[in-house]
Amino acid sequence: MPTASASIRIIDTPEQMHSLSGEIRSSGRRLGLVPTMGALHEGHLSLMRLARAQCDVVAASIFVNPLQFGPNEDFDKYPRTFESDCHKLEAEKVSLLFAPTTEAMYPPGAKTFVEVGEISDRLDGRSRAGHFRGVATVVTKLFTIVQPDVAFFGQKDAAQVAIIQRLVRDLNLDVRIVVAPIVRESDGLAMSSRNAYLSPQERKQAPVLYRALMRVQKLADQGERNTAKLIASGKAVIAEEPGVRLDYFEIVDPQTLQGVSDLRSGALVAVAAYVGTTRLIDNVLLSGGGEVRTSLR
Ligand code: PAF
């Protein structure tokens, strides 16, 4: 792992991080955490800015968590850009970076996992078995180690957000969750570290996810309330793009991730599709919820 650069302090053991965050909290400063897997893009940086605006000290974490990748997923090829990530964090004046090794996070024999129940089997959880168990376990560990007052997540991972909010509620974790809006490229494609996998041809196809969501939003704005019709219209847009294979297109309650049959305020329209071999996700909250959601405990 590269050495620390001038203005960001890099901490690689849970013990050091825990004691440092204890000092920060006992000095009365408000500590914000932005958990990431690195390969930072504007979406992540918008979270850093939000954290800086709301907290006295901002810690980011970079850890490509093996537990949330399935056996045939992209753990090995997931982009790892530590040096440039550090420069971006410095530019955002993030002062602490927790970047542990896999062995430090999961010592030999680690067999304790966090399961959030059936919500983990909805949306991405249906096609990525065990993914949300991996997310819930690592996020619980990060919260325990870093002890943030506030933690920041992106709305792009809407199912992850619902699971983390449930986890925090069910385990009475002492952290406030702030959710920031999706950051998009100029053609609507949601920013994602996985966009780096797309060939130039696939990159041109990828905004179809956003176009499908916008079709649904437009029909809903025009008064369509039947979710089966709305879903069919979104799927039809995806089908227009050869080379894009739909995983799911659903309209769900954003807290429970259960399908809704009649449109209600704040319903989440969520899509996942393979563009070539790259699985992308995107979503939009239909009017009523607003895009920025903050859990109130
Ligand atoms: O959203 C991500 O990057 C990851 O799922 C998270 C929250 C950092 C946990 O590994």
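Both counts, for ligands and for their atoms, begin at 1 and track the order of listing.
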Check each atom of ligand 1 against the heavy atoms of [X] and keep those under 4.0 Å away; list them by number with element.
X	value
V138	9 (C), 10 (O)
P35	8 (C)
T36	8 (C)

What is the nearest protein non-hydrogen atom to atom 5 (O) of ligand 1, stated with its residue, atom name and distance?
->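 Among all protein heavy atoms, the one nearest atom 5 (O) of ligand 1 is Q160 OE1, 2.7 Å.
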Pick whichever of K156, H131, M37, Q68 has a heavy atom sitting closest to atom 10 (O) of ligand 1.
->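 Nearest heavy atom to atom 10 (O) of ligand 1 lies in Q68.
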Under 3.5 Å, is there a donor-acceptor pair between the [X] and [Y] side chains?
X	Y	result
D187	Y210	no
R29	S27	yes
R176	Q54	yes

Examine the proximity of ligand 1 to L142 and report which part, side chain or backbone, both or neither, has a heavy atom under 4.0 Å away.
->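 It is neither; nothing of L142 touches ligand 1.
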Kindly check if the number of other-residue, nucleotide or ligand heavy atoms within 6.0 Å of CD (E224) is above 12?
->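 Yes, CD of E224 has more than 12 neighbouring heavy atoms, counting only those of other groups under 6.0 Å.
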For E42 and R184, what are the C-alpha separation, side-chain angles and deciding distance, and is it a salt bridge (Lys or Arg N to Asp or Glu O under 4.0 Å)?
-> CA-CA 9 Å; E42 266 305 308; R184 299 182 179 283; over 6 Å; no
